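The structure displayed is predicted, hence computed values, not measured ones. Throughout, protein chains are lettered first and strands after them, A, B, ... in sequence-line order, and every chain is numbered starting at 1.
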Amino acid sequence: QEETTITAVMHSGLRVLDPVITTAHITRDHAYMIYDVLTAVDENFTPQPQMASWETSDDGLVYTFTLRDGLVFHDGAPVTGADVVASLTRWGKRDSGGQLIFDVTESLEATDDKTVVWTLTKPFGPLIDVISKQSAVPPFIMPARVAETSADETITEYIGSGPFVFDQDAYEPGVSVTYEKFDDYVPRDEPASWMAGGKVVNVDKVVWTTMPDALTALNALSAGEIDYLEQVQIDLMPILSGNEDVVVEKRDDLGYVTIGRPNFLHAPFDNKLVRQAAMAALDQESMLATMQGDPEYYKVCGAIFGCSTPLGDEAGSDLLTGGANTERAKELLEEAGYDGTPIVLMAPTDVISLNNQPVVAAQALREAGFEVDMQSMDWQSVVQRRAQQSPVAEGGWNLFFTNWMVPEVSDPLVNVMLNGRGDDGWFGWPDDPEIEAMRTEYVSASDDATKKEIATRIQEHVMDNVNYLMMGEYIIPQARRSNIEDMIPSPVPVFWNMTKAAE
Amino acid sequence: MTQIPSSRHSAFQVVTGLFSVPKAMRIGVGPTIAAVILVAIVLAAVLAPYYVPYDPLEMNAMARLKPPSDDFLLGTDPYGRDIFSRVVTGGRVSLLIGVGAAVVSVAVGLLIGLVAGYFRLADSIIMRIMDSLMAIPAILLAIALVALNGPSVTSVIIAITVPEVPRVVRLVRSVVLTAREEPYVEAAIALGSSMPKVLLQHLMPNTFAPLIVQGTYICASAILIEAILSFLGAGVSTEIPTWGNIMAEGRSYFQIKPGLIFWPGLMLSLCILAINLLGDTARDILDPRMKKREV
Amino acid sequence: MEFKSKDFTDAKRVLKIRGLTVGLAGRPNADPVLRGIDLDIRAGETHCLVGESGSGKSVTSLTAMGLLPKDALEIQGGSIDLEGIEITQAKPAQMRALRARRIAMIFQEPMTALNPVLRVGEQIEEVLNMHSDLSRAEAKARTIDMMEQVHLPDVERIYAAFPHQLSGGQRQRIMIAMALILDPDLLIADEPTTALDVTTQLQILKLISEMQERHGTAVLFITHDMGVVAEIADTVSVMQKGRIVESAPIRQLLTAPKEDYTRKLLQAVPNLDPRAPRAPAEARDVITVDGLEMTYGGGGFFRASQGVRAAQDVNFTIQPGRTLGIVGESGSGKSTVARAIMRLIDPTAGKVTVAGTEIAQLSRRQLQPHRKHFQIVFQDPYRSLNPRWTVARSLCEGPINFGTSRADAMEHAAELMELVDLPRDALDRYPHQFSGGQRQRIAIARAVAMKPDLLVADEAVSALDVSVQAQVLDLLDDVQEKFGIAMLFITHDLRVAAQICDEVLVMQKGVVVEHGPAGEVLAAPRHDYTRNLIEAAPGRHWDFANFRALDRTTPVTGATL
Amino acid sequence: MFFYILKRILATIPVMVIVAIFVFLLLRLTPGDPAAILAGDAATPAQLERIRDSLGLNDPLLVQFGTWMGQLLRGDLGTSLLSNTSVAGMIGDRLGPTLNIALMTIVISVALAVPMGVIAAWRHRSWVDFLVMSFSVLGFSVPVFVIGYILIQIFAIDLKWVPVQGYKSPTDGIGPFFSRAILPSLTLATIYIALIARMTRASMLEVLGEDYIRTARAKGVRENVVLFRHALRNAAVPILTIIGTGFALLISGVVVTESVFNIPGIGRLTVDAILARDYPVIQAMILLTAGIYVTVNLLIDISYSFFDPRIRY
Ligand SMILES: Nc1ncnc2c1ncn2[C@@H]1O[C@H](COP(=O)(O)OP(=O)(O)OP(=O)(O)O)[C@@H](O)[C@H]1O
Ligand SMILES: Nc1ncnc2c1ncn2[C@@H]1O[C@H](COP(=O)(O)OP(=O)(O)OP(=O)(O)O)[C@@H](O)[C@H]1O
Ligand SMILES: [Mg+2]
Ligand SMILES: [Mg+2]
């Protein structure tokens with residue numbers, strides 16, 4: 001039988017191979033190919049055992065994980081408790097959720113080859129949720145010798161126990177990466193569901209390539225030169241429409257959110273009323289429409305945790321979802337005594353999914369009476385500049401836009417924009433004790449109803465305080481050759497379960 | 001008897017007239033057409049704000065990618081902006097970049113080139129630096145410079161100018177080196193003319209004809225490089241339409257909305273064609289060697 | 001003087017041109033360039049075509065070759081019959097077949113007429129490849145044989161040489177070999193020796209007549225040098241403004257020219273009889289040159305090179321109102337001396353004192369105030385004036401540099417125009433609107449405008465045709481007389497030197513070999529080199545201006561043609 | 001000759017040193033932070049700071065420059081900040097495609113442009129001349145990426161003669177290589193053809209007016225021999241020069257072409273590296289391209305003497 005290879009064009013080139021040091025999606029996707037995780041959420045947002053099952057002590061202080069049988073790394077060594085401990089420890093230094101857990105960790109030890117015991121000093125309700133999350137930095141399990149690398153340096157050996165093996169020789173950073181089926185991988189028996197369940201691999205090889213040009217990628221797919229295209233620009237879908245060999249579809253319904261982040265340190269956004277004015281001035285519909293075009297692929301949504309997530313709630317979001325309320329914005333500006341200080345709006349030019357938002361926002365803000373100084377720069381300059389806390393005149397900034405996958409904002413712990421610890425927080429640095437209090441409450445909450453209630457309060461608070469500007473949800477469809485079937489509808493594109501029939 | 005034109009002769013002339021286009025070029029039809037086109041494009045661009053039907057920046061999410069119609073002469077782009085308004089307005093900055101880059105590179109290059117051509121001491125140092133600048137790929141240098149200063153019109157002009165300057169310097173220097181062997185330059189020295197005078201009055205005018213050609217070339221290629229920079233995400237800010245960034249923005253729409261590339265591309269091509277043709281003509285007029293040949 | 005006097009009435013007619021009219025292409029109403037030329041050349045005959053520059057000599061020859069520049073000139077009438085073939089009607093392929101086989105041509109500049117990137121042997125051989133079926137070996141043998149016939153030394157080496165590796169004379173021999181290798185019936189030579197110095201010229205002329213004798217070729221020889229005509233012609237045609245004004249056997253033309261124009265042309269030819277030296281002035285020397293030396297190049301970072309010793313130990317003085325001539329063959333260092341004196345180059349050793357100041361070692365800045373004392377006129381009238389400047393601006397440049405006001409300078413410029421016999425209103429014109437002779441006069445005016453004590457003329461008349469040359473020489477004489485200027489006159493033309501110089505200095509390979517009053521040096525040369533130079537001067541026994549032989553025969557023995 | 005080459009090679013040293021210093025300074029002045037792209041969107045300022053430290057980005061400029069120079073002298077191009085792989089290895093992987101495409105472009109361009117220019121000069125001011133000149137002006141005035149799209153649309157999508165994109169090394173078979181390399185090469189060639197054809201024409205026009213052309217015709221030499229044997233060789237030096245300086249243009253075009261045709265070459269590598277501020281990669285790449293440029297032009301200078309025996313070093 002002939003080898004089956006799936007050639008996939010991913011949303012960006014893979015350059016960083018260390019899933020712990022970076023939050024880049026492509027690296028996370030790569031990690032899901034070659035690494036496995038202890039526990040993972042299924043499509044109902046419910047954590048399920050993956051490499052390990054767990055038990056929680058009644059006081060909520062001791063978690064015992066038991067590794068299942070048959071787990072081996074690609075180099076043939078069995079996965080042991082020591083590997084798990086080392087991997088979790090390194091992850092805990094980088095991931096914000098992980099840090100919170102390690103803040104209350106008394107000990108984390110492997111009691112034998114198959115058992116890991118995690119002891120806390122006080123209960124941490126969402127512990128399993130945090131280690132099961134699929135984004136941004138899930139705790140992937142690596143051999144202990146790799147996981148012992150400092151958390152500030154990248155690893156140099158890429159061996160996991162996941163369903164695919166990384167082909168080091170064929171790897172060209174930023175261009176292509178090749179995975180081979182790992183024959184010794186033992187999938188779970190349950191059907192695959194998101195990152196949980198049996199990861200049954202039905203192809204021999206998966207090759208990811210990068211195509212810098214969107215149009216070329218589409219043409220290559222219609223010509224059958226590639227099998228799968230992770231992201232299709234919606235406007236370009238008509239090009240594929242006549243081609244029966246190609247299917248364009250939504251992979252999952254969660255998609256992305258696009259957000260604007262004001263800088264709390266400087267005028268005018270140090271003033272809550274001005275932030276509210278910005279919120280009133282902006283219009284989700286027009287921003288999403290210019291980004292996506294077809295309403296099928298975007299959704300006006302005022303829920304900061306995403307509209308289709310368990311915590312999602314649109315409370316208090318009328319100002320956001322009700323279209324541009326220029327009048328209200330003007331009133332608020334008036335009330336705030338806005339003096340015409342120009343807003344430095346950073347506009348990246350080289351990232352297609354972020355090109356539109358600043359342009360649309362600038363127009364809306366100006367209409368509401370803001371002075372807007374939109375400064376174009378490449379994304380790297382945005383990335384550097386957004387870390388500057390200095391005043392605008394000395395290289396600071398007032399507003400920028402970015403995108404997240406919905407699972408990355410879907411609860412108060414993973415959502416970095418809800419961090420209210422001032423300088424220690426995420427860019428924009430709100431000093432917001434109220435929200436910090438609510439997050440602490442959330443951590444110690446043990447049942448879903450309480451969590452939901454706290455989440456709603458956080459939602460209301462954000463709508464009032466405007467920690468960030470939720471600009472709505474959108475979905476980027478994918479395209480595949482019609483002989484590629486049974487792909488799991490998960491936010492992370494995964495290549496197990498998938499089959500490729502002869503064309 | 002009705003007057004019969006000397007038919008064979010005139011028919012012959014008509015036919016040759018039709019097919020020997022370059023002869024027409026020689027007597028100036030080509031340059032005339034070129035001049036008319038260029039003036040038209042420049043006027044269209046400069047006066048754009050007074051007659052375009054829409055603000056070229058005004059977005060309308062509800063009118064995205066509309067086909068040409070009475071409302072939108074050439075249709076709309078993915079932001080629902082009027083393509084016609086953008087294309088004609090885009091000429092302003094594109095031409096500014098072209099002319100700006102040409103003028104700055106020629107002026108700076110001329111100055112450095114004269115110094116290098118005349119002062120042997122400065123020559124080798126200057127030429128080493130120029131060699132180095134030439135060796136760095138222009139486009140990479142440009143991307144880096146734009147990243148350094150942000151994608152403003154000025155940075156794009158600077159980014160295009162920096163790699164062009166060494167070419168101008170080389171050109172000027174070589175002209176100066178040849179011209180200083182001319183007997184009339186020696187005569188001027190014998191007449192007691194000072195070095196600056198010889199340099200400026202006798203040598204510099206020799207550089208004008210080749211500089212005009214080089215200048216038109218730079219102007220044309222600057223407009224193109226701006227397009228390429230936009231393509232690579234390092235062009236002029238999207239708030240300022242240029243032919244280059246209209247094309248770059250529209251590039252993935254090539255198959256579904258070719259107008260986004262076609263119209264600015266057409267303007268750009270016409271413009272560059274005209275500039276080149278005029279440059280060559282100006283060279284022919286200025287170059288005394290050409291004159292001698294015709295006599 | 002002996003003239004050729006063979007009778008050709010019975011010889012076969014090789015070329016017959018009748019009523020040939022050539023005009024500017026596509027402009028039937030413009031003045032034609034040739035207006036009805038009639039010309040006959042018979043087998044074995046040497047027919048010389050003479051006339052002022054621009055009279056149509058070259059166009060006539062190119063028309064016969066079918067090589068008129070297509071987009072510029074076209075035949076508008078007449079016929080050219082080459083042994084029964086009508087050339088004006090020939091198709092390009094036909095014409096190609098005729099060339100080299102029936103009719104061949106050699107050109108003036110052997111440097112530019114040979115392809116610089118092909119080996120000269122190949123260039124000769126190409127003719128055989130194009131027109132015969134010889135094998136490679138045979139073709140090479142023929143080529144080598146032909147090269148020997150034109151007396152090239154070391155044939156095998158030269159076969160593989162590139163043109164730039166040969167001397168001017170050798171190049172012209174290659175051209176001749178190329179033209180004659182297929183034994184054509186007619187050879188057209190357009191000023192084949194003008195670019196060569198006299199000694200080489202003599203050899204080439206000898207070679208052509210030798211080849212002609214051997215193959216019975218008819219030769220159409222174009223020149224403006226009457227001396228050459230006197231040496232080689234059987235018959236002569238004189239051209240003026242696109243017409244042949246007179247055509248006659250050589251003796252008849254030189255002794256009894258019928259047309260005024262012919263007379264004028266002949267009268268303009270200076271003869272080799274030196275002028276009577278003018279009395280030495282009382283005043284002190286304008287210039288004293290002492291031990292002047294110039295070595296080009298030398299040094300070098302990787303290989304220390306020898307350098308060219310272009311002038312060694314040159315000494316002379318000139319007094320006001322007198323002229324010193326420097327003669328010598330090409331490359332002997334004449335220009336080097338001139339340029340060193342002008343400080344256009346920095347001499348490597350020696351002293352130059354002009355108007356009492358030692359200038360050889362002054363820096364450029366120190367030199368500037370002294371520049372007005374010495375001025376130079378260059379050879380090439382087309383390049384010595386800035387083509388972008390009006391005549392007025394060129395004339396004023398010098399005086400303004402020395403503090404004259406613009407208005408005064410303009411006034412003076414207008415006077416100068418009169419002095420050099422040009423209309424005042426010509427001041428606003430540009431150089432390209434003048435003829436070569438007129439430009440040279442402007443250049444002289446520009447130099448004179450500085451009221452210099454010394455005027456250096458480096459081949460100032462060499463590029464001009466005889467009649468214009470005579471006018472310019474007269475002008476120089478005038479100016480000298482009027483202002484008492486001392487003149488350093490550099491030339492390779494002994495006739496000119498004889499006519500204008502009081503003293504002559506002969507240079508060879510950078511060294512002065514003879515120096516003395518013009519009468520002595522030219523009439524009774526002491527040095528072999530000088531003697532050779534004089535002997536090589538063609539037509540030296542004929543006094544063209546007076547239509548008779550020179551009464552005094554120079555007491556020289558040796559080679560004759 | 002030997003001394004000349006040696007001298008020229010020595011002369012490239014200061015050029016490369018200036019390039020190195022210039023590039024280094026330019027990059028360090030450019031805003032942007034490799035640590036930030038390494039860490040991703042959700043990293044906190046404190047984390048960034050620690051990564052920056054571990055990458056050595058917080059060292060004084062002079063120290064960083066010294067480290068780099070030291071590495072270079074040991075023949076080490078460094079390690080990519082992002083992928084943590086050796087820069088030499090990355091470049092090695094991606095040099096092949098670019099060089100092969102560039103080579104093919106040069107071959108195509110010279111093969112087409114030189115005859116075009118020769119014929120245009122020969123038939124000066126005829127319609128052929130007009131056509132050639134119009135084409136070359138057009139070649140200048142259409143952006144490379146547009147040409148690329150048009151070629152893809154025609155030859156890959158409509159006619160289906162060749163694949164849309166991708167690259168195969170010639171070692172995988174000439175057919176696959178050729179079918180993928182032809183469109184990018186043609187795309188790149190348009191501007192190059194325009195440049196060379198123009199220069200050939202101008203240079204030939206000059207040469208065709210020379211005396212030795214007249215001599216050749218006077219010998220009865222056929223026109224094609226006159227053009228290609230006598231004239232073209234004399235016109236070669238400026239044509240070669242433009243091929244050399246045009247090489248810089250080629251490098252610019254490569255960047256775009258590699259994107260459009262998805263070729264894993266060094267052009268794209270460099271642009272990506274610039275946009276990601278992956279300093280070691282950018283520095284190495286610019287030094288490399290500068291080195292190639294200098295070498296190509298050195299070779300061209302040396303080749304002058306092959307075409308023109310008067311030029312001797
Ligand atoms: N290519 C050309 N285009 C236009 N006119 C030309 C061309 N060649 C020659 N002429 C004109 O034809 C006339 C005769 O020129 P020709 O070269 O035959 O003169 P000549 O007698 O050979 O002069 P010289 O002694 O200077 O060589 C001149 O007036 C010249 O201007
Ligand atoms: N700039 C220079 N560099 C090196 N050598 C030179 C230079 N100028 C002249 N020479 C050499 O010096 C020698 C004398 O040259 P010069 O020009 O003085 O001769 P000339 O007598 O004026 O000859 P012609 O009659 O041809 O003008 C020649 O061998 C020449 O090759
Ligand atoms: Mg002539
Ligand atoms: Mg001389």
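Contacts of C/Arg364 with chain B are made by side-chain atoms alone, with heavy-atom separations under 4.5 Å and no backbone atom involved. If you measure heavy-atom distances from C/Asn386 to chain B, the contacts under 4.5 Å come from both the backbone and the side chain. Looking at C/Arg446, the atoms closer than 4.5 Å to chain B (heavy atoms on both sides) sit in the backbone and in the side chain alike. When heavy atoms are compared at a cutoff of 4.5 Å, B/Ala179 does not approach chain C at all. Contact of C/Leu344 with chain B is made through the side chain alone, with heavy-atom distances under 4.5 Å.
Expressed to the nearest 0.5 Å, how far CD1 of C/Ile376 lies from CD1 of B/Ile189 amounts to 11.5 Å. How far OH of C/Tyr382 is from CD of B/Glu182: 14.5 Å, rounded to the nearest 0.5 Å.
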- [ ] Kindly indicate, with the supporting measurements, whether the criterion side chain to side chain contact (heavy atoms under 4.5 Å, CB included) is fulfilled by B/Gln201 and C/Arg388.
- [x] CA-CA 10 Å; B/Gln201 299 192 357; C/Arg388 292 184 180 78; over 6 Å; no
Open item on the list: Between C/Gln368 and B/Ser194, is the side-chain hydrogen bond (donor to acceptor under 3.5 Å, both in side chains) condition met? List the steps.
Closed with: CA-CA 8 Å; C/Gln368 207 269 347; B/Ser194 64; over 6 Å; no
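Here the side chain of C/Gln375 pairs a donor or acceptor atom with the backbone of B/Ala190 at under 3.5 angstrom. Within the 3.5 Å criterion, the main-chain N or O of B/Leu191 finds a donor-acceptor partner in the side chain of C/Asn401.
When every heavy atom of C/Ser384 is checked against every heavy atom of B/Ala187, the shortest pair comes out as O-CB, 4.4 Å.
Put simply, the side chain of B/Tyr184 does not reach to within 4.5 Å of the side chain of C/Ser394, judged on heavy atoms. B/Glu186 places a side-chain heavy atom less than 4.5 Å from the side chain of C/Arg339.
More than 12 heavy-atom neighbours from other residues, nucleotides or ligands sit within 6.0 angstrom of NZ on B/Lys197. Counting heavy atoms of neighbouring residues, nucleotides and ligands inside a 6.0 Å radius, atom CD of C/Glu358 exceeds 12 of them.
Each of C/Phe402, C/Phe374, C/Tyr430, C/Trp389 has some count of heavy-atom pairs under 4.5 Å with chain B, and the biggest count is that of C/Trp389.
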